[in-house]
Amino acid sequence: WLRAAGRHLVNLYRLVSHAEAVRQRDAALADGGWSVVLVDDSGTVLKSNEVAVAIGRAAGVDLTVGASLGSLWSAMSGPLGDRWALSRSTAPVRLAGGDAFETRLVRSAVGPHVLWIRKKSRITEKDAVALGLTARQAQVALLLVDGYTNAAIAKRLGVADSTVRRHMEGIFDRLGVHSRAAVVGRLQAALPQRPD
């Protein structure tokens, strides 16, 4: 009996650990200014919030519940597969006549799909260097702000994962923080006031 219960406890532990990892990732993304929109396979908005609606409105996109993303969804979603890997950052979406916004799409085989959206980051490499980071640390920090994982940062910069880890340690030390979310918060808090 104890052996059978042990297997269930291991599975329960894995489920709870996964849920906690997802919660921490979502909290870090929210700290980075990201907002969630749930979208079905056809591009219809199933769930949204005021922040996402305001970001969409500024870019000329209706993100209210029930709205169809139409051609924007077609351009973003493509076929389900490797194009949109879990947690892979996407290129900023730019629309004629509107403000730019950034998206991250997490496709689901069973739906709904999670569309993370935020205003385009105004943090520059110069802003990060002004906080005491080296030029390379600033590049790493900006990719972190954009939601890239360490592996994705390494690939983007053409360096080893261990190099990115060393840069992250240096960033944490120089900014006096202990988490990725705190790096994002520190950079945003130090952002000079500039018009949008």
Side-chain angles (χ1 to χ4, degrees), residues 15 18-124 127 141-149 151-153 155-156 179-189 191-196:
L15 287 171
H18 176 71
E20 179 61 16
V22 168
R23 187 194 66 75
Q24 288 178 357
R25 180 203 67 199
D26 291 353
L29 285 167
D31 285 346
W34 293 96
S35 190
V36 171
V37 177
L38 298 181
V39 183
D40 69 11
D41 288 334
S42 67
T44 301
V45 176
L46 301 175
K47 185 174 180 183
S48 190
N49 59 51
E50 291 177 20
V51 174
V53 170
I55 292 169
R57 187 178 305 120
V61 177
D62 186 2
L63 292 176
T64 58
V65 174
S68 174
L69 298 179
S71 61
L72 177 61
W73 178 250
S74 298
M76 288 176 53
S77 62
L80 185 59
D82 292 339
R83 181 173 175 203
W84 298 100
L86 183 64
S87 297
R88 179 177 171 186
S89 293
T90 62
V93 175
R94 296 185 189 278
L95 300 172
D99 292 339
F101 61 87
E102 297 173 315
T103 62
R104 292 178 64 174
L105 178 63
V106 180
R107 296 290 304 256
S108 169
V110 295
H113 310 290
V114 178
L115 179 65
W116 289 91
I117 183 171
R118 74 173 177 184
K119 288 182 179 179
K120 179 137 176 62
S121 175
R122 298 183 311 151
I123 300 170
T124 66
D127 297 331
L142 293 180
L143 290 172
L144 183 150
V145 167
D146 287 341
Y148 283 75
T149 63
I153 292 170
K155 185 175 181 180
R156 180 90 184 243
S179 71
R180 296 169 71 89
V183 170
V184 173
R186 181 78 168 87
L187 288 172
Q188 289 177 335
L191 187 65
Q193 295 301 314
R194 293 189 290 255
D196 283 335

Test item: [X] and [Y] side chains (from C-beta on) under 4.5 Å apart, heavy atoms:
{"X": "Val37", "Y": "Val39", "result": "yes"}
{"X": "Leu69", "Y": "Leu63", "result": "yes"}
{"X": "Leu38", "Y": "Val36", "result": "yes"}

Evaluation steps, side-chain contact (heavy atoms from CB on, under 4.5 Å), between Val145 and Leu187
CA-CA 8 Å; Val145 167; Leu187 288 172; 3.6 Å; yes
OG1-CG distance between Thr124 and Leu142, expressed to the nearest 0.5 angstrom
7.0 Å
What distance do His113 atom NE2 and Leu46 atom CG have between them, rounded to the nearest 0.5 Å?
9.0 Å
How far apart are the closest heavy atoms of Leu144 and Ile153, and which atoms are they?
N-CD1, 4.0 Å
I need the full list of side chain to side chain donor-acceptor pair (under 3.5 Å) pairs touching residues 55-66, with sequence neighbours left out, sorted by first then second residue.
Asp62-Thr64
Pairs in or reaching into residues 46-55: which pass side chain to side chain donor-acceptor pair (under 3.5 Å), with residues at least two apart or in two chains?
Ser35-Asn49
Non-neighbouring partners of Ser42 that pass side-chain contact (heavy atoms from CB on, under 4.5 Å), sequence neighbours left out:
Asp40, Thr44
Under the side chain to side chain donor-acceptor pair (under 3.5 Å) rule, collect the residues that match up with Ser179, sequence neighbours excluded.
none
